[in-house]
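Keep in mind that what you see is a predicted model, and the values were worked out from it rather than measured. Basis for what follows: all heavy atoms, side chains included, without hydrogens, waters or symmetry-related copies.
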There are 2 protein chains.
Amino acid sequence: MIPPSLRVAPDPAAARLTRAVTGRDQTGQPVDLRVVEERPLTIYLNAREIVTAMTIGDYPEWLALGFLVNQGMVRADDTVTGIDYDEEVAAVVVRTAEITDHEAKLARATRTSGCAVGTVFGDMMEGLDGLRLPATPLRVSDLRALSAAINRTPSLYLAVGAIHGTCLCAGPDPIAYFEDVGRHNAVDKLAGWMRAKGVGGADKTLYTTGRLTSEMVIKCATMGIPSLVSRSGFTAWGVDIARQVGLTVIGRMKGTRFVCLSGEERVIWDAE
Amino acid sequence: MIPPSLRVAPDPAAARLTRAVTGRDQTGQPVDLRVVEERPLTIYLNAREIVTAMTIGDYPEWLALGFLVNQGMVRADDTVTGIDYDEEVAAVVVRTAEITDHEAKLARATRTSGCAVGTVFGDMMEGLDGLRLPATPLRVSDLRALSAAINRTPSLYLAVGAIHGTCLCAGPDPIAYFEDVGRHNAVDKLAGWMRAKGVGGADKTLYTTGRLTSEMVIKCATMGIPSLVSRSGFTAWGVDIARQVGLTVIGRMKGTRFVCLSGEERVIWDAE
């Protein structure tokens with residue numbers, strides 16, 4: 001049953017997203033199963049080729065926009081004038097009204113030392129300077145409700161497995177649920193949707209199936225969402241960054257159990 | 001118990017690899033746990049900065065070498081003259097006797113259009129042209145033995161979770177077992193170890209905890225290992241590439257059950 005609060009949800013029946021294959025099981029007997037599709041998608045920012053992402057291919061425009069936003073390449077004050085997806089060449093171009101700072105930086109770096117791959121990483125950390133996340137409370141009872149709602153929602157994960165999911169939630173209600181081969185692409189798709197729809201993160205919770213690594217924590221903070229929740233575990237650096245930026249981080253969430261390693265002050269321990 | 005065949009195994013007790021943290025559980029009670037460390041490591045090929053990888057930091061030299069080898073940037077005929085790791089600046093430089101084709105390509109691409117990020121992806125696929133993997137048989141009984149051996153080996157996964165592992169195996173015996181935050185870094189570390197030690201892949205099996213995506217399949221084939229095994233699932237493109245290069249791919253391996261979606265001709269169905 002799809003929660004009525006969900007504005008966008010996975011479509012496990014969509015023909016383009018899975019494929020039927022035949023193989024053999026451990027006894028050598030034929031077995032049929034469905035597996036998730038995976039396709040390359042090259043993302044451009046204006047004239048610059050940025051990256052080739054592997055994706056199930058359901059929301060290329062939001063994936064591209066969200067990737068660029070989350071990498072700090074498209075900023076809040078950049079005006080996005082269009083997003084053009086060309087399925088034939090598996091490419092998507094995000095266009096802005098004016099050349100972005102990132103493109104200018106690439107041009108300078110290229111003239112001096114070639115691909116400035118360190119720039120992106122440094123930029124992501126810089127983007128956290130002075131970041132203040134709101135004190136939006138997080139009720140344990142809401143976490144239980146949203147977990148249950150997500151687990152009841154039809155998804156590629158429930159249908160075929162081998163996929164990551166992320167869900168933007170408001171209190172106990174799932175709002176936007178995305179899946180992809182990579183946990184980061186799923187979150188980037190959500191970020192693109194939020195930017196395109198003008199949906200903010202200040203009063204929301206971000207649920208992910210992926211581990212709470214430095215990059216996932218940075219992404220959640222960049223998206224302005226004060227609470228990050230996962231059924232998976234943590235890395236030490238993810239915890240450090242979360243504490244540094246004041247993000248509430250909850251992991252190892254299984255059934256009613258979880259561990260909160262940062263931002264405990266937001267949590268309302270209202271579970272029985 | 002560490003299998004006697006293992007030449008390198010995880011060290012879950014190593015102080016640098018995990019950290020004790022304190023948080024709160026679902027009732028608000030204090031809880032102590034250990035989480036895996038995650039540190040940036042910038043990899044250079046001679047004078048070129050290539051990428052910043054996130055790693056637990058146990059084998060930076062092998063991670064760097066294996067990354068470059070698996071990306072096709074350091075080829076079989078390149079002579080590696082040294083690998084210098086500087087812990088203070090979290091950087092590792094892999095040096096070759098002569099400038100590599102990859103560096104030459106980057107120099108050309110930089111002069112024309114900036115970062116040629118598409119090059120790496122295209123190179124990886126090109127590297128598969130004409131690849132022939134040996135017919136080394138894969139016994140189901142050996143798969144069972146190696147799964148059991150791996151699951152009995154002390155590891156960061158068993159100790160703290162939130163980590164991926166990979167193991168190179170010969171028949172039923174684990175030979176080299178690596179773990180890291182990312183499944184690809186774990187496999188790259190193994191590739192670096194194999195290159196450094198002169199261990200070939202032709203008579204081996206590659207076990208991974210990660211999903212069998214296009215990139216994982218390409219990596220295994222690039223490493224010359226004819227069989228790839230995982231407890232996780234598949235993507236359609238991973239299956240396509242495996243069939244294209246004649247790689248045996250077994251996934252969803254749990255207990256005695258599994259699914260083989262490619263290279264069934266290598267498998268000897270000798271399980272009861």
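For Thr42(A), no part lies near chain B; criterion is any non-hydrogen pair under 4.5 Å. Using a 4.5 Å cut-off between heavy atoms, Val140(B) touches chain A through its side chain atoms alone. Within the 4.5 angstrom heavy-atom criterion, atoms from both the backbone and the side chain of Val259(B) approach chain A. With a 4.5 angstrom heavy-atom cutoff, Arg34(B) touches chain A only via backbone atoms. Only the side chain of Glu264(B) has a heavy atom closer than 4.5 Å to any heavy atom of chain A. Residue contact with chain A, scored on non-hydrogen atoms closer than 4.5 Å, involves the backbone of Thr22(B) exclusively. Ile163(B) touches chain A through its backbone: at least one of N, CA, C or O sits under 4.5 Å from a heavy atom, while the side chain does not. With a 4.5 angstrom heavy-atom cutoff, Arg211(B) touches chain A only via side-chain atoms. Contact of Ser232(B) with chain A is not made at all, since no heavy-atom distance falls under 4.5 Å. Within the 4.5 angstrom heavy-atom criterion, only side-chain atoms of Val31(A), from C-beta onward, approach chain B. Within the 4.5 angstrom heavy-atom criterion, atoms from both the backbone and the side chain of Arg257(B) approach chain A.
Taking the ring axis of Tyr157(B) as reference, the NZ or CZ atom of Arg231(B) stays within 45° of it and closer than 6.0 Å to the ring centre.
Interface summary for chain B: among Gly182(A), Ala236(A), Gly233(A), the most heavy-atom pairs under 4.5 angstrom belong to Ala236(A). Ranked by heavy-atom pairs under 4.5 Å with chain A, the list Gly23(B), Gly161(B), Ala162(B), Ala47(B) is led by Ala162(B). If you tally non-hydrogen atom pairs under 4.5 Å between each of Leu33(B), Ile250(B), Val267(B) and chain A, the highest count goes to Leu33(B). Interface check for chain A: of the options Val181(B), Thr18(B), Leu143(B), Val21(B), the most heavy-atom pairs under 4.5 Å are formed by Val181(B).
Formation of a donor-acceptor pair under 3.5 Å by the Glu37(B) side chain with backbone atoms of Ile56(B) is not found in this model. Looking at Ser214(A), its side chain never comes within 3.5 Å of a backbone N or O of Trp237(A) through a donor-acceptor pair.
Counting heavy atoms from C-beta on, the side chains of Ile43(A) and Leu68(A) come closer than 4.5 Å.
Classification of Glu87(B) and Arg16(B) as a salt-bridged pair holds, one side-chain N sitting under 4.0 Å from a carboxylate O. The pair Asp180(B)-Lys189(B) meets the salt-bridge criterion, with a side-chain N (NZ, NE, NH1 or NH2) lying under 4.0 Å from an Asp/Glu carboxylate O. Comment: Asp240(A) engages Arg19(B) in a salt bridge, judged by a side-chain N to carboxylate O separation of less than 4.0 angstrom. A salt bridge does not link Arg48(A) to Glu103(A): none of the charged side-chain nitrogens sits closer than 4.0 Å to a carboxylate oxygen.
A donor atom on one side chain and an acceptor atom on the other are not found under 3.5 Å apart for Thr100(B) and Asn46(B).
At most 12 non-hydrogen atoms from other residues, nucleotides or ligands lie less than 6.0 angstrom from CZ of Arg139(B).
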